[in-house]
Protein chains: 2
Amino acid sequence: MDTRHMQYFMALAETLHFGRAAERMNMSQPPFSRQIAMIERTLGVKLFERNSRNVALTPAGEYFMKDCRNVLGQFEEACRDVRLVASGMKGELRFGFMMHAAHSVVPQLVQLYAESRPDVRLVLDERTPTEIDEMLVAGTLDAAVTFDCGYAPHLQTVLLARERLRIIMRKDHPLATVGQIGPEELRAEKIIAAPAATAPALRSAINSYFSVRGIVPHVVLEPRLQHTIIQLVAKGLGVALIPASLRTEPGAGLISRALTDAPQLDVVLRAPITTKNPAVSTFMEIGKSIQRTLL
Amino acid sequence: MDTRHMQYFMALAETLHFGRAAERMNMSQPPFSRQIAMIERTLGVKLFERNSRNVALTPAGEYFMKDCRNVLGQFEEACRDVRLVASGMKGELRFGFMMHAAHSVVPQLVQLYAESRPDVRLVLDERTPTEIDEMLVAGTLDAAVTFDCGYAPHLQTVLLARERLRIIMRKDHPLATVGQIGPEELRAEKIIAAPAATAPALRSAINSYFSVRGIVPHVVLEPRLQHTIIQLVAKGLGVALIPASLRTEPGAGLISRALTDAPQLDVVLRAPITTKNPAVSTFMEIGKSIQRTLL
DNA sequence: CCATCTGATACCCTGAAAGCATTGATCGTG
DNA sequence: CACGATCAATGCTTTCAGGGTATCAGATGG
């Protein structure tokens, strides 16, 4: 028994006429009759009550007809779907992103992609930049939005945005009224910044911002999560340099200021070049289409 | 593509090894490899990423695997179920019965059958005896409980119970205190009885109960439903002769009395002898097993 | 009783698919 | 680095599942 036999059965069950059913199956009546007999023999079940004049379904045949309709439908669907998956119209795409990006490019990217590929299940996964890099090489993620951390030959990269860092502090902070803020003004400040192990690109941008002026920043706290950094700044434990897109989130009692010669960071969309997931390519295309001018 | 191909695919998807997968399919590796290639060619989809050292599923293959597992499961189930239906263990049984029987044998019959054949869907259908006869010959019912109306060569019959008729009347009716009630006592009474067209066996039993004494019963009302008869008696519009098993339903202000030489009616379970529904036979067997002594 | 319709049988033949032998690519190891 | 081992792919042969044609057999209607 296989699906072809089920199709033979369905043809006869629907026409109740061997000749016409055979015709529908594009074959002549004698082999068709044999196939029906074969089906009944292998199942050990009489499916049709027939003589040389009439053909009728037995109750077992009636029941089998419903099941066959089901199975054949699912069968067709499976064959159709696998083509859709291969074409990237259907399937799953595991998408990682860092928290910074959640407030800027990610919503638009996700929305546009979901509109253009509604049958692809987007699995969102917020991670730190380091975790993202690891998961991209491990294949746990299909694509991710992160900071450009330079050389990555096994990854394809689309530049999404170029973000300047800004400084945030409490409103009652002495620097809140200073006109220009640069490395010199921050020389004595307590800095809160993510550790290099968690966000290498961000941290090295901050470090080199100071080091080109020969200044060693006074980093007092190194929380891993951006969320925590803002909380600590709000408590007055220091100031922090954060991407401009996070500025839109005002926070209670916090103020954000521009920096002189502010460090820039590239926000990129990345995916392994060796990816086998066909859904990725249009995801990258959409990334390109929403590429933004630098802020 | 058919289910055999899906089985090949599943074997490889689960083992990720052509040799072992072929072995599982009881064949040698070369034709197995060709079949896999064939599947990919007809689907137009690469399902496996492979070289002479490693075999891995593509994302499309991964997706297809889930669908195949589904389809193959349903396929097996359909083949198994059709055998169960043919053996009477599964399927549907359309069971008709008259309202009189609903209070006596039907509940027990239905319960016992449902316990012994839980996968057979019992479709219950309450009808008048005449409707039941028509539906049995039309094949709309598989089996039914009704009054024995005599000759029926195309039906198999199991006697379930033998019921005496009793008389019901209002508690304040003059006959309520009379010791013996027979045709003579009812000569002047207004009788309420179902029409012969609806319940021939019941009505002819009532008629002959009087006619053997040369009495013509004074039937004033002929409602089709037993329910209505009882209501009309309660309103004082007459008395009625009803099966003893209905006595258990007391009704407001009504009283039921035995009759002298009470007419008897056979309650039978019937099914067409030509029935193709394999579920019927055990239904009839259970009917035999609950055969009751006459009341 | 014959013409006709329809499903079953008899017989033949083709090609899908299985087996065997072998090739070619990729590792691991001495 | 060469050699052997492993494993998928390919070439060739063979077989039988399943299709085709011709025909039979039972039922029905004029």
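It should be emphasised that the depicted structure is a prediction, and the values quoted were computed from it without experimental measurement. A note on names: the letters A, B, ... follow the listed sequences, proteins ahead of strands, and every chain is numbered from 1. Computation of the quantities below employed the complete heavy-atom set of this structure, encompassing side-chain atoms and omitting hydrogens, waters and symmetry-equivalent molecules.
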Is Arg4(B) touching bases, backbone alone, or none of the nucleic acid, heavy atoms closer than 4.0 Å?
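Sugar-phosphate only.
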For residues Phe283(B) and Leu109(B), report the shortest heavy-atom separation together with the two atoms involved.
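Distance-wise, the nearest heavy atoms are CZ-CD2, 3.7 Å.
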At under 4.0 Å, does any side-chain N or O of Gln35(B) touch on OP1 or OP2 of dA18(C)?
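Yes, such a contact exists.
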If the cut-off is 4.0 Å, is Ser33(A) near the phosphate of dG7(C), judged by side-chain N/O to OP1 or OP2?
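It does not, given that no N or O in the side chain of Ser33(A) lies less than 4.0 Å from OP1 or OP2 of dG7(C).
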Would you say the rings of Phe48(B) and Phe9(B) are close, in the sense that their centroids are separated by under 6.0 Å?
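When the ring centroids of Phe9(B) and Phe48(B) are compared, they turn out to be within the sub-6.0 Å range.
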Send over the distance from [X] [atom1] to [N] [atom2], rounded to a whole Å.
X        : N       : atom1 : atom2 : result
Phe32(B) : dA18(C) : CZ    : C1'   : 13 Å
Met38(A) : dA8(C)  : CE    : C1'   : 16 Å
Glu23(A) : dG7(C)  : CD    : P     : 13 Å
Leu16(A) : dC5(C)  : CG    : C1'   : 16 Å
Met27(A) : dA8(C)  : CE    : C1'   : 14 Å
Arg34(B) : dA17(C) : CZ    : P     : 10 Å
Met25(B) : dA18(C) : CE    : P     : 11 Å
Gln29(B) : dT23(C) : CD    : P     : 15 Å

Any salt bridge between [X] and [Y], counting N to O under 4.0 Å?
X         : Y        : value
Arg24(A)  : Glu14(A) : yes
Arg121(B) : Glu92(B) : yes
Lys276(A) : Glu62(B) : no
Glu23(A)  : Arg20(A) : no

What range of DNA chain D does chain A touch, first nucleotide to last, counting atoms under 4.0 Å from its heavy atoms?
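For DNA chain D, the relevant span reads dG18(D) to dT28(D).
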For residues 41-52 of chain B, which residues have at least one heavy atom under 4.0 Å from DNA chain D?
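Within this stretch, Arg50(B), Asn51(B), Ser52(B) sit under 4.0 Å of the strand.
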side-chain hydrogen bond (donor to acceptor under 3.5 Å, both in side chains) evaluation trace for Thr130(A) with Glu134(A)
CA-CA 6 Å; Thr130(A) 308; Glu134(A) 288 164 358; over 6 Å; no
